[in-house]
Every structure is written in structure tokens, then in C-alpha cells.
**Student:** 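Take a look at the following structure, please.
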Amino acid sequence: MLSSASSSSARSVLGVFLPRIPRITGQRGGLLNHKYQLFVESGWDAYSVVWAWPRSSVFFQLADPATIKEVTTHRARFPKPVDQYRILTSFGPNIIASEGEDWKRYRKIAAPAFSEKNNKLVWDETVLIMNDMFDNVWKNAPEFSVDHALDFTLPIALFVIGVAGFGRRISWMDDLAIPEGHKMTFKDALHTVSRNVIGVRLVFPDWAMRITKRWRKRYMDEMVRSRRVAEKKEERYDLFSGFLDAADEGDEKLSDRELNGNIFIFLLAGHETTAHTLCFCFAYLALYPDEQERLYQQISSVMKELGRIPTYDDMSLFTYSMAVFNETLRMVPPVSGIAKKRTIPVPKGTRVAIHTPGLHYNPRYWEDPHSFKPSRFLGDWPRDAFLPFSQGARACIGRRFFEAEGIAVMTMLISRYKIEIKDEPEFAAETFEERKTRVLAFKPGLTTMPVRVPLTFKRR
Ligand code: HEM
């Protein structure tokens, strides 16, 4: 459609292809800052950005579901610009940062690992991690405050990927000692691996990066070795085991670098998006107590009816939890620009991006798009205008992993605690809008990151 077809969406895209005034300042601050605004200004559901420096290039931003579907369906015509993903290849080539035959091979090996058995493991382990946190960190106190919700959502997501991704259970209280032969704990190795990708890399000299990378790699090598030499294979459903089995047994072989690259990407993709989304989700629930109450009522009535802790098989009963997550992902999509490029003859350097916030705030598809209304996801909703996980063959492979983890966290937390914004005297006089802006502030990064979400949890 972007190439030559003559549908109305094609005309809209080609129409704005006529060079616009360069929007260099308009892009500042990340796509989520502008939401749908630049599309309003352009008068179309697509606009182009023309860059003159450091090299001339044209960038199409799309917020039209039909055009986006065309782009995500025709993978070969709109491949990923893999050079933009080079930062993600420091441990080796991998599924996110590849294209063509390599990507097909990685996806074929990875797909069986993201199984229903793995999702079940995610659920069961998340329940254990939450109970461990309530008992040993929050000590079942009637009230518990955090300065930033990410301080607990990030460890939760790390622990879940540690066990359901890598088969290593980490608890809140142990794993503080550094095992023999290592220079950092497994928990720190997991955590710094992702921090180093964009943040620390800018601060630390290369030699420091190389040393800590060696320390982290030692865990990876050890895990690969121990699985490969294990005589009796246990039934293991973590992603890493599933991936290793497929890589060892299938026709598709992987080099050590490819193995490390993919393991690293599971770790990175598998916890940061989840931790940030959980954090924003709790912020919204604290800001909108009526929505929280409605969610609590559903969770407690399902739990009462079941008469036990819910399992993965009960997940579909939690329709309002899913709606709350969807609404959070609509309003704060963790990945705000999904990059593609055009392979047909066009000006050199032409790029295409799915502008997820533009799509998610497009008033043609979402009524009152700036309001937090989870119930819009209960009935019929415009599926093609909701793309937090992308779409088509390159859609997120870990979506169900996230949903199992998110709903298990939500069920455990909301059934026990009421969430409120932490009282801080310096903000006592602020209006609701000021409070909302403060609590929902974000930083664009590898994924949209909450700045500071101070919360208080009160025992129900
Ligand atoms: C809120 C949670 C999540 C969101 C919003 C999300 C979003 C996305 C998006 C937008 C993409 C496409 C990226 C692109 O084309 O550049 C993607 C790809 C991917 N995601 Fe997720 N993700 C989430 C959770 C997860 C989890 C939990 C895992 C693994 C445990 C995971 C693993 C992956 C992988 C391996 C890919 C690459 C797929 C491919 O290219 O074939 N994601 N994700």
C-alpha cells in the first residue's frame, strides 16, 4: 500500500510524502509525548519527517490501522531496519535484531519454548514470588509504602524471568552471596545485563563493560554447559531449556554466539517491558479508585467462587484485569515506535515506523482517547488499532508470558491490598491533573520508563 496501490490509505500516505517542513523539534521527547497531536497537525493518519543531517532521510510515521496492517503483513516488503537494533546484539545475533533466513531460524527454535507449559510455570512461580514478597519483605504489614513502584515491579519481573526463563529460582531474601567462581550474584548479573544495554554503556568505559560482560557471560556459559551435560533430562519448561532442546534436537543449528545472543534477548525483552507496564498499571489504579474497586470486586468474586488460589487455567475469568492491562498498554505503550523500512525504490534512507501512541490515541478508533477507561476493552473493540505487541509474523512472542505474569501479580496484590498514591507533604496542594502528570511521568528509553510512582499499599 505504501508502495503503489491506489486505496484511500495509500493516497493519504503518498499525500504526505510530499516533503513537509522538517519536524526535527517535533520529534523531541519521544513519540509518546505527542500521542496523536502531530497527526492532527498534518491532517492525515500518516506524516513524514525529513531529516537533513547527519544524512538525508525520510521517515514515515503511521497511525492508520489499515496501512499498518499492510506493513506488518508484508514482512519481506517492509523488513526491520536491523542496523537500528545493533545495540541489542552485544551478546550475539538474535531474534529481535535479525531479518530474513536468520530470523526465521531463530523464531522456529524459539516458538516451542513459549508453550502453555511455560505459561503455567510463569503463573505458578509468580504466585510464589508474590507470597514471598508479602511474607518476607512487606511482612504482611497493614500498610507498606514505596518511593517508586518500579523498586518492586522490577525485581518481580526479574525473578519471574529468572525462574520461568532460565530455570533459576531467586527469592527476595537469598541470592545475596556471590557463588564461588563468580564475581556477581545471579540477580545482579540479570539486572546489569539490561541496565548496561543503554544506560550504563554511556557512562562506563569500554574496558569496564568488557569485564562485567565476562562476569555475566560466565553464568550463561555455566547454564548452557550444565543443561548439555546433564545425564537424566528433567522435565523443564523454562524458556531456556525449551530453546536449548529445540536448538540441539532440530535441523536448525545455532552457533554459541547465536545461542548467547538469543538468551540475552529473552532476558531483556522478558522483564523490562513487564516491569514498566506493571508500574504504570498500579499508578493508574491508585489514581482511579473507582476503577480499582471494580477490579477488586471482580477478583474477589472469582476467588470466592473458586475457593482457592487461582491457577493459570482460571486466567480467562479475570476479564477486568485483562481490560486494565490493555488500557494501560494503550495509554502507555512500552514500545512506542516499531521500525520497518521500505524495499521498493524510494528516496535513499526511507524508513517507516508504526507510531503506536498515535494509533492508540487516534480518535477515529478510540472514543475519548485520553481517558483511562478499561471497560472499553470489555465489549467489541478495534483490534487493529491496538498494537502494544506489534502484529503479524514479527509480533511479540512473549505476549502470553506477560499476560500470565501480569494477571497473577494483579490477582495476588489487589485481593490483599488497596493501592493509593503515597501522601507526601510537598504535594499536598496539587490538583488531580498535576498529580496525574507527576505520577505518570515517563522517560523515553529502550522501553517507556516510569520516572517515579510513589505508592502506599493498605491491607484490605
Ligand atoms: C508488556 C509486555 C511486552 C510488550 C509490550 C512487548 C512488546 C513487543 C513488541 C512491540 C515487539 C516487536 C518489536 C519490534 O518489531 O521491533 C516485541 C517483540 C518480541 N518480544 Fe515482546 N513485549 C512484551 C513482553 C515480552 C516478554 C515477557 C518476552 C519474553 C519472555 C518478550 C519477547 C519478545 C521477543 C523474543 C520479541 C521478538 C520477536 C520477533 O522478532 O520474532 N516480550 N515485543
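Values below: every heavy atom of this structure, side chains too, minus hydrogens, waters and symmetry copies. Numbering of ligands and ligand atoms starts at 1, following listing order.
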**Student:** Tell me: protein heavy atom nearest atom 30 (C) of ligand 1, and distance?
**Tutor:** Gly270 CA, 3.6 Å
**Student:** Counting from 1, what ligand 1 atoms have a heavy atom of Pro334 closer than 4.0 Å?
**Tutor:** 5 (C)
**Student:** If you have a sec, work out which protein heavy atom is nearest atom 24 (C) of ligand 1 and how many Å separate them, to one decimal?
**Tutor:** Thr273 OG1, 3.4 Å
**Student:** Sub-3.5 Å donor-acceptor pair from the side chain of Tyr361 to the main-chain atoms of Met331, do we have one?
**Tutor:** yes
**Student:** Nearest 0.5 angstrom please: Glu272 CD to Thr277 OG1, how far?
**Tutor:** 10.0 Å
**Student:** Considering only heavy atoms of Tyr85, which atoms of ligand 1 have at least one such atom less than 4.0 Å away?
**Tutor:** 14 (C), 16 (O)
**Student:** Distance from Arg236 atom CZ to Leu121 atom CG, nearest 0.5 Å?
**Tutor:** 10.0 Å
**Student:** Got an N/O contact under 3.5 Å between Trp103 and ligand 1?
**Tutor:** yes
**Student:** Do the side chain of Asn136 and the main chain of Trp172 share a donor and acceptor less than 3.5 angstrom apart?
**Tutor:** no
**Student:** When you look for heavy atoms under 4.0 Å from ligand 1, do you find them on the side chain of Phe401, its backbone, both, or neither?
**Tutor:** side chain
**Student:** Relative to atom 10 (C) of ligand 1, which among Ala404, Ala113, Pro388 owns the nearest non-hydrogen atom?
**Tutor:** Pro388
**Student:** Any heavy atom of Tyr106 closer to ligand 1 than 4.0 angstrom?
**Tutor:** no
**Student:** Mark up the atoms of ligand 1 that fall under 4.0 Å of a heavy atom belonging to Ile338, in ascending order.
**Tutor:** 10 (C), 14 (C), 15 (O)
**Student:** How far is atom 26 (C) of ligand 1 from its nearest protein heavy atom, and which residue and atom name does that atom have?
**Tutor:** Ala269 O, 3.5 Å
**Student:** Can you name the atoms of ligand 1, numbered from 1 with element, that are less than 4.0 Å from a heavy atom of Ile95?
**Tutor:** 35 (C), 39 (C), 40 (O), 41 (O)
**Student:** What distance do Gln292 atom CD and Leu285 atom CG have between them, rounded to the nearest 0.5 Å?
**Tutor:** 5.5 Å
**Student:** With a heavy-atom distance limit of 4.0 Å, tell me whether Thr277 approaches ligand 1 through its side chain, its backbone, both, or neither.
**Tutor:** side chain
**Student:** Sub-3.5 Å donor-acceptor pair from the side chain of Glu403 to the main-chain atoms of Met322, do we have one?
**Tutor:** no
**Student:** So, Ser321 and Gln298: side-chain donor and acceptor under 3.5 Å apart, yes or no?
**Tutor:** no
**Student:** Provide, to 0.1 Å, the distance between atom 13 (C) of ligand 1 and the closest protein heavy atom, together with that atom's residue and name.
**Tutor:** Lys80 NZ, 4.3 Å
**Student:** Using modelled atom types only, decide if a donor and an acceptor are shared between the side chain of Glu125 and the backbone of Val163 within a distance under 3.5 Å.
**Tutor:** no
**Student:** Could you identify the single nearest non-hydrogen protein atom to atom 21 (Fe) of ligand 1 and state the distance to 0.1 Å?
**Tutor:** Cys396 SG, 2.3 Å
**Student:** Among all protein heavy atoms in this structure, tell me which lies nearest to atom 38 (C) of ligand 1, with the distance rounded to 0.1 Å.
**Tutor:** Arg107 NH1, 3.4 Å
**Student:** Could you tell me if any non-hydrogen atom of Glu405 lies under 4.0 Å from any atom of ligand 1?
**Tutor:** no
**Student:** Rounded at 0.5 Å granularity, tell me how far CZ in Phe39 sits from CH2 in Trp44.
**Tutor:** 13.5 Å
**Student:** Distance only, no hydrogens: is a donor on one side chain within 3.5 Å (strictly under) of an acceptor on the other, for Arg364 and Tyr36?
**Tutor:** yes
**Student:** Among all protein non-hydrogen atoms, which one is nearest to atom 35 (C) of ligand 1, and what is the separation to 0.1 Å?
**Tutor:** Ile397 CG2, 3.5 Å
**Student:** Which heavy atom of the protein is the closest neighbour of atom 40 (O) of ligand 1, given with residue, atom name and distance?
**Tutor:** Arg394 NH2, 2.9 Å
**Student:** What distance separates Phe240 CZ from Phe266 CZ, expressed to the nearest 0.5 Å?
**Tutor:** 10.5 Å
